[in-house]
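If you're wondering where the values come from, they're calculated on a predicted model, not measured in any experiment. Throughout, numbering of the chain's residues begins at 1 and tracks the sequence.
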Amino acid sequence: MVNLREFTTGSNLRYPLTVSRIHKRKGEKVKRQEAVLQYTYKFKRTIGDPDLGEEREIEETGYGDWDCPSDGTVHKWYVSENDVIQRDQPLVVIDEPCSHDTQFAGLCTKCGKDMTESNWAAEGLDIDRATISMVHDNVALKVSATEAEKKELELQERLLTQKKLSLVVDLDQTVIHACVEPTIGEWQRDPSNPNYESVKEVRSFQLDDGPKHDDSPKCSYYIKLRPGLAGFLERISELYEMHIYTMGTRAYAKEIAKIIDPEQKYFGNRIISRDENGSLAAKRLQRLFPVSTHMVVVIDDRADVWPMNRSNLIKVAPYDFFRGIGDINSSFLPKREDLLAPAPAPIPMHTNGGPTANSNTSELAATTLEHERPIEVSDDENALIQLQAQEQERELEKQLTERPLLHLQEELDKEDTDMEDAAPSTEAAPAPEQNGHAESPVHRHNLLRDDDEELFHLEKHLSLLHQNFYNQHESRVAAVRKETGSKEITADSIPDVGKLLEWIKKRVLRGCSIALSGLVPLGIDVHRSELGLQIQSFGGEIRTRISKSVTHLVISSSRPRTQKVRQAARIPSIKIVNQDWLAGSLAQWRQLEVEPFLVEVHPSDRVSHTPVEVGGRESESLSPPRPEEGENGEDPEEEAVDESGGDDEPDEDEDGEVQDLYGVMPTELEDGEQSPVDGLKTMDWGELDAELDEFMGSDAGTDSEVDTDFEDADATTTNRKRRPDDDEDEGSALAKKQKLARDRTTGLRNVKNAADDGNRDGSSLPTPMGTGDDEEDGADGFDEDDIDLEAQLEAELAAEADASLEAE
């Protein structure tokens with residue numbers, strides 16, 4: 001076998017060089033580190049005594065030998081004797097006895113030589129000739145780039161002959177869900193348990209390195225297959241050659257593979273675990289396909305762990321059968337921020353008309369969170385892996401000891417009992433006896449449900465993608481054959497499945513301008529959030545502000561009355577839908593009809609609106625027209641004063657939420673904007689109190705008279721009517737603070753604080769830090785003590801001003 005390798009002169013020589021003699025001619029054998037060429041070079045040397053002024057430079061000629069870095073036979077010289085070499089350039093081609101292109105643990109698998117031996121004749125080690133891991137289960141076996149390209153070309157030719165593509169499959173929450181909760185085993189052995197039917201098909205296994213429980217040497221891992229997995233793998237295996245890629249250990253991955261592919265006919269030994277991944281935080285297709293990913297598709301419930309291969313990814317909805325457990329290998333992944341909890345299901349009713357305990361299960365689903373914590377970063381990868389493993393062990397031990405599923409079922413049982421107790425008493429026959437014990441008359445609802453349909457949609461997507469790929473491939477091959485007459489498969493004839501996938505997905509939300517409310521975590525740029533990236537990958541456009549250009553406002557069902565909802569409710573063209581519309585559209589790859597997902601907007605949120613121009617852009621005014629006089633000729637605002645005499649309390653609806661009756665509640669802040677409330681933190685309240693005491697002791701009816709005539713209720717600012725003699729006080733610190741309090745863009749009298757409403761849920765107040773999405777109530781930035789002090793100060797200043805006007 002011919003193993004030709006080209007060598008250059010090197011970068012460490014003194015150029016220019018002149019070839020003086022070639023020791024080995026074409027066809028002669030050479031040994032490593034043997035001199036095969038002699039050369040000369042010119043250099044300057046300083047001679048003479050500098051103290052006597054006799055120092056001078058002379059040019060001399062140096063001699064050197066070029067030593068061959070490898071054993072072999074001279075195949076070709078690029079130079080001849082007397083040639084001048086100006087720079088590093090190809091010098092000779094050696095036919096090596098071994099290419100060393102496949103190595104295992106530093107040894108050549110062909111000749112057995114140690115590739116880690118130093119070679120002073122070469123600029124690098126021979127181990128650098130094979131750096132690519134292509135084998136699933138071993139990182140010690142490496143190949144060269146040339147060998148990798150050859151192997152990958154062979155793979156592509158084989159797949160094209162079989163009309164298949166490669167499919168990389170994630171395990172946890174993609175095709176299976178796993179937990180170690182011992183309650184599952186107890187339910188499997190108890191036919192009377194309401195979850196018995198759901199857990200009958202749950203499989204289990206034990207690992208030697210798994211967490212320990214009580215006195216048991218091993219704990220059990222419980223595995224639930226995603227509904228329809230067996231048929232899915234059977235049919236997809238006809239279109240794709242499949243690989244497992246998981247962040248679980250290899251022992252864990254092999255046990256899962258035994259369950260989902262007991263005969264090894266779908267995956268074989270094509271399994272990559274975190275032990276062979278080569279990265280602590282991400283997955284890479286280049287680990288398996290280093291040259292080309294044109295024929296590779298990925299299915300995973302996490303898109304963020306594929307930063308280099310998002311175009312090849314089909315993201316699936318996370319499978320969360322064991323409620324609240326999440327991914328048991330999450331400590332080895334970045335913190336999850338893409339969870340899109342489903343909207344609450346309609347509340348089933350008992351025969352007596354009362355709601356069932358299943359109303360709570362939707363809340364359980366909506367509050368499902370990953371058990372993840374930030375992992376301490378370390379320069380030592382082994383130390384980091386150890387920290388992550390310790391974190392995972394703590395989380396698994398938490399399941400074993402706290403038994404969250406058992407407690408959730410007990411809560412359901414308690415609700416069932418409470419509902420039965422609250423039902424009207426009726427004469428009922430005694431419950432039948434089983435095994436000598438009376439059966440409980442209470443109807444128990446099950447916690448675990450198995451109604452997932454994700455694989456049904458995923459199979460359609462993969463089939464569609466496969467069909468499009470081979471239609472395009474056949475068209476390209478036909479065009480090449482017509483032009484050249486060649487039947488050889490070339491790289492240009494292979495379509496890029498990633499580009500095809502992007503083209504198909506872009507059509508789903510094309511034409512949709514989507515705003516989000518309550519779905520993106522606080523402090524996350526909505527455009528860069530995982531949900532935002534998904535929307536954009538499916539052809540939708542993200543909007544951070546409500547305007548007439550928005551087509552859909554997608555909200556969290558747990559927060560149906562945000563500021564964005566109020567704004568969108570006043571623009572009839574905007575469809576306000578819950579998160580299930582977006583989740584369904586992304587899952588089914590088609591834009592669903594909005595009617596089943598429309599959100600019922602609170603009547604008080606649907607008020608009249610007037611188009612206004614703000615900053616050159618048309619927006620919707622949040623203020624209704626000025627209220628007309630009441631039936632008795634009095635202002636309706638005055639009629640609504642609380643009987644206790646307080647007229648400064650905000651109006652509330654039946655949900656306990658402040659209503660923006662006059663359009664004065666502040667709008668949400670853009671990214672980077674600062675709330676006026678933040679200015680209160682730097683104010684010197686002691687100095688202000690002193691000046692206020694001085695002011696109250698002075699002649700308020702002369703130089704410091706203040707007029708507190710304010711604008712109408714629909715204005716969003718409060719303005720002071722200046723008097724001719726006000727200029728005299730304009731320079732005083734107190735006058736400036738008074739003016740600041742009145743000219744503040746966001747009046748604090750319109751801000752709802754914790755004292756106004758004991759129930760903070762559903763508050764639509766903005767927070768000082770805009771994120772592009774609605775922020776949670778009580779976010780950092782509002783200091784309630786500062787707000788109370790500012791409100792009290794303004795009230796005192798306004799009272800003094802009114803007193804001054806009455807005195808006049």
Measure the shortest side-chain to side-chain distance between [X] and [Y] over non-hydrogen atoms and say whether it is less than 4.5 angstrom.
{"X": "Lys258", "Y": "Phe205", "value": "no"}
{"X": "Phe597", "Y": "Val554", "value": "no"}
{"X": "Val169", "Y": "Tyr240", "value": "no"}
{"X": "Leu509", "Y": "Leu586", "value": "yes"}
{"X": "Glu541", "Y": "Ile514", "value": "no"}

On the 0 to 90° scale, with breaks at 30° and 60°, tag the Tyr470-His473 ring pair as parallel, tilted or perpendicular.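 Judged by the thresholds at 30° and 60°, the geometry between Tyr470 and His473 is perpendicular.
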Side chain [X], main chain [Y], donor-acceptor under 3.5 Å:
{"X": "His294", "Y": "Ile494", "value": "no"}
{"X": "Arg302", "Y": "Asp170", "value": "no"}
{"X": "Arg274", "Y": "Met247", "value": "yes"}
{"X": "Gln173", "Y": "Asp301", "value": "no"}

Trp503 six-ring face occupied by Arg507 cation (under 6.0 Å, within 45°):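 Checked: cation-pi criterion met.
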Tell me whether Lys265 is salt-bridged to Glu234, with the criterion being a basic N under 4.0 Å from an acidic carboxylate O.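 Yes, charged N to carboxylate O under 4.0 Å.
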